[in-house]
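Only one structure is covered here, and it is reproduced in the block below.
Keep in mind it's a predicted model, so treat the numbers as computed, not measured. Numbers restart at 1 for each chain; the letters A, B, ... are given by sequence-line order, proteins then strands.
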Amino acid sequence: MKKKNFIYKIINKDLKNKKYKTIKTRFPPEPNGYLHIGHALSLYINFNISKDYNGKFYLRFDDTNPKTEKKIYIENIKKDLIWLGYIWHKKKYASDYFNIYYKYAIKLIKKKLAYIDDLSIKDIKKYRGSLKNPGINSPFRDRNIKENISMFKKMKNGEYKEGEKCLRAKIDMKSKNIILRDPVIYRIKYNSHYKTKKKWCIYPTYDFAHCIADSIEKITHSICTLEFINNRLLYEWILKNISINHIPKQYEFSKLNITYTITSKRKIKYLINKKKVNGWNDPRLMTLSGMKNRGFTPKSIIDFCKLIGVSKKEHIIDISILENCLRKDLNKISFRIMGVINPLKIKIKNLKKKIKIKIPNHPQNPSMGYRYIYLHSSIYIDEEDFKENSNEQFKRLTINQSVKLRYAGIIKIKKIIKKEDKILHIECIYIHKKKTKNIGIIHWISLKNSLKTKYILYNKLFISKDPNKEKNILSIINEKSIIIKYGYIEKYIKYINKKTSLQLERIGYFKLFKKSNLILSQILLLNNKNKF
RNA sequence: UGGGGUAUAGCCAAGUGGUAAGGCAUCGGGUUUUGAUCCCGACAUUCUCAGGUUCGAAUCCUGGUACCCCUGCCA
């Protein structure tokens with residue numbers, strides 16, 4: 001028996017009690033934006049349940065609000081699922097069932113369990129009461145069935161204005177659970193629906209449609225996030241009162257929060273509108289398409305979901321866990337190459353001839369092959385690897401401390417050539433020596449072996465650890481989340497496929513952002529201590 | 001005394017009456033021509049708090065406390 005988290009325990013019990021033959025789950029995004037890392041967790045949970053129990057997994061677009069939903073989002077959501085490898089058995093739309101919801105609404109009216117309300121939005125709010133005070137009944141609550149049906153049909157036929165009338169479930173205005181104070185289940189909207197166009201002008205609300213869709217699709221376990229927990233009673237009330245056969249059960253888990261990131265479509269949209277990021281797939285965003293752009297691998301995202309677990313506890317997960325998953329994956333597959341981001345020129349005075357060196361493309365994986373590089377008398381190293389004066393902690397080049405050039409020999413400073421305090425270049429002496437202990441190793445490139453390249457470096461998008469908690473997210477944006485540098489990289493880059501992830505040795509993981517004019521973008525650094 | 005949910009290390013998280021798994025982070029040490037990787041070690045006398053039951057409690061009981069969600073014709 002599978003035993004992974006509290007949901008698995010519930011399913012195991014249901015199976016033991018022979019409650020279901022086949023386990024069915026669904027992933028129900030609203031097509032009003034792109035998917036983010038939070039959706040990846042929901043996807044992970046729902047997909048794996050169906051996989052582990054040999055069940056079914058449906059993708060259902062929750063498209064009951066024509067005001068916000070668009071076809072473009074449908075396409076991108078599908079792409080994201082495919083990228084992660086979450087293949088659905090069936091693809092559905094809540095809007096597939098518009099006729100059925102309508103039929104059930106009529107049924108509720110006939111059972112005197114729903115009524116047309118003429119109250120304005122403002123008045124509905126007023127009548128609903130507050131957290132501490134009960135609501136009061138709408139004066140239209142006791143309309144007769146005939147009138148209700150006639151008005152509901154008129155609503156459907158477009159005879160009223162938006163907001164003029166709505167259909168409400170007749171439950172209990174005094175309920176302690178505010179969700180049950182006669183929730184609106186149908187409202188008028190004249191926007192064209194991206195899928196059903198102008199066919200309807202009344203739309204069911206989430207609460208009314210979701211449970212019915214789950215039931216129609218014979219979903220067994222309807223898994224959602226914790227904020228829907230109060231809606232569960234309504235979910236159950238509707239299914240019971242429309243007398244539908246199959247009754248799915250709703251279970252809730254806590255929403256994913258990660259330090260330094262936002263997981264809210266609304267806030268992401270806001271940043272896009274404020275031009276703080278370049279669209280939904282900006283590499284600094286934790287949208288799945290942004291992460292793909294950044295260079296995340298599907299495996300790293302799935303490993304992350306596996307690692308963090310599923311619970312009902314409110315949490316904020318340290319971003320380092322995600323980064324660790326990515327590094328682990330990238331370390332295995334990345335092609336090693338040398339590049340300098342802040343070039344500093346070194347002239348080796350005693351090197352008469354170039355030296356040819358055979359180096360591995362991956363130190364732990366010989367199957368990735370070898371290549372040749374050349375050491376010439378003029379090379380670049382990174383500015384970070386030099387300090388005129390420093391202590392032994394600084395295992396790099398100083399006036400009285402030599403360093404080893406990776407894959408080559410040792411260099412020792414002879415003279416620092418300056419012009420008005422600015423270092424033009426450094427003259428060094430080269431020492432052939434293979435085995436040495438306690439000496440720093442730095443990366444380098446020969447001028448003749450290098451290509452000028454643009455580096456795009458990323459920092460965290462937010463300066464606050466918990467941006468979801470911040471009211472004004474614009475105030476916590478890191479203005480230095482993108483840094484552009486011009487440096488060099490091995491000529492060999494020309495032979496590398498755009499999709500290959502790279503490790504700039506001693507710096508971090510990068511990808512070819514653009515191959516034609518050589519732009520590399522940072523995926524993530526080898527560790528968080530390096531700063532450029 | 002609105003209703004509901006949740007409390008286990010810096011961050012996640014197992015554990016469901018038999019003496020606190022695991023991961024991340026951190027700190028030591030070893031291997032290493034990447035300050036990377038890899039390997040080894042350390043890291044909760046105690047589970048939100050206070051009582052109680054029990055031979056034995058993170059788990060059961062009683063009473064507190066903190067945080068989160070709910071007053072859209074959003075989902």
key: Interatomic distance, Ile179(A) CD1 vs G72(B) P [rounded to whole Å]   = 10 Å

message = What's the gap between U45(B) and U19(B) when it is taken at their C1' atoms, as a whole Å value?
response = 11 Å

task = Provide the Watson-Crick or G-U wobble partner of A14(B), both distances under 3.5 Å; none if there is no partner.
result = none

inquiry  = Can you see if the side chain of His315(A) gets near the phosphate of C11(B) - specifically, an N or O under 4.0 Å from OP1 or OP2?
reply    = no

query = With distance as the sole test, does Asn449(A) use its side chain to make a donor-acceptor pair with the main-chain N or O of Ile445(A) at under 3.5 Å?
reply = no

message = So if I take every side-chain heavy atom of Lys9(A) and compare against U16(B), G35(B), C73(B), which nucleotide ends up nearest?
response = U16(B)

request  = Scan Leu322(A) against the nucleic acid and name what it touches under 4.0 Å (heavy atoms): base, sugar-phosphate only, or nothing.
outcome  = nothing

query = What string of B, S and - do you get for nucleotides 2-9 of chain B, 5' to 3', if B is base contact, S is sugar-phosphate-only contact and - is no contact with any protein heavy atom under 4.0 Å?
reply = BBSSS-S-

Residues Tyr186(A), Phe152(A); criterion ring-ring contact (aromatic ring centres under 6.0 Å, His included); working and verdict = CA-CA 9 Å; Tyr186(A) 256 96; Phe152(A) 191 45; 5.3 Å; yes

task = Quick one: label Glu30(A) by what it contacts on the DNA or RNA (base, sugar-phosphate, nothing), any heavy atom closer than 4.0 Å.
result = sugar-phosphate

ask   = More 5' along RNA chain B: Pro29(A) or Phe6(A), using each one's nearest nucleotide?
value = Phe6(A)

query = What parts of residues 199-215 of chain A reach RNA chain B, counting only heavy atoms under 4.0 Å away?
reply = Thr205(A), Tyr206(A)

query = Any donor-acceptor pair under 3.5 Å linking the side chain of Asp172(A) with the backbone of Arg181(A)?
reply = no

request  = Walk me through it: do Phe61(A) and Tyr194(A) pass the test ring-ring contact (aromatic ring centres under 6.0 Å, His included)?
outcome  = CA-CA 12 Å; Phe61(A) 292 102; Tyr194(A) 77 96; 8.1 Å; no

query = Is any side-chain N or O of Lys67(A) closer than 4.0 Å to OP1 or OP2 of C74(B)?
reply = no

key: Lys255(A) vs C69(B): side-chain N/O to OP1/OP2 distance below 4.0 Å   = no

task = Using atom CZ of Arg327(A) as one end and atom C1' of G23(B) as the other, report the distance to the nearest whole Å.
result = 15 Å

ask   = Is it the case that Lys189(A) places NZ or CZ above or below the six-membered ring of Tyr203(A), under 6.0 angstrom from the centre and within 45 degrees of the axis?
value = no

query = Does a nitrogen or oxygen in the side chain of Asn324(A) sit under 4.0 Å from OP1 or OP2 of A25(B)?
reply = yes

request  = Would you indicate what Ile316(A) reaches in the nucleic acid, counting non-hydrogen atoms under 4.0 angstrom: base, sugar-phosphate, or nothing?
outcome  = sugar-phosphate

request  = Kindly say if Lys404(A) contacts the phosphate of U34(B), meaning a side-chain N or O under 4.0 Å from OP1 or OP2.
outcome  = no

ask   = Do the side-chain N or O atoms of Arg336(A) get closer than 4.0 angstrom to the phosphate oxygens (OP1, OP2) of U37(B)?
value = no

ask   = Is the shortest distance from a Lys or Arg side-chain nitrogen in Lys67(A) or Glu162(A) to a carboxylate oxygen in the other one below 4.0 Å?
value = yes

inquiry  = Using O4'-C1'-N9-C4 for purines and O4'-C1'-N1-C2 for pyrimidines, with syn meaning within 90° of 0, is G72(B) syn or anti?
reply    = syn

inquiry  = Can you tell me which residue among Tyr8(A), Tyr251(A), Phe253(A) is in a ring pair (Phe, Tyr, Trp, His ring centres under 6.0 Å) with His221(A)?
reply    = Tyr251(A)

task = Using only side-chain N and O atoms of Arg266(A), determine if any of them is under 4.0 Å from OP1 or OP2 of G72(B).
result = no

message = Return whichever of Arg128(A) or Gly309(A) has its heavy-atom-nearest nucleotide of RNA chain B closer to the 5' end.
response = Gly309(A)

task = Check the distance between C11(B)'s P and Asp466(A)'s CG and give it to me in whole angstrom.
result = 12 Å

request  = Name the pairing partner of U34(B), where a pair is Watson-Crick or G-U wobble with both distances under 3.5 Å, or state none.
outcome  = none

request  = Name the pairing partner of C67(B), where a pair is Watson-Crick or G-U wobble with both distances under 3.5 Å, or state none.
outcome  = G5(B)

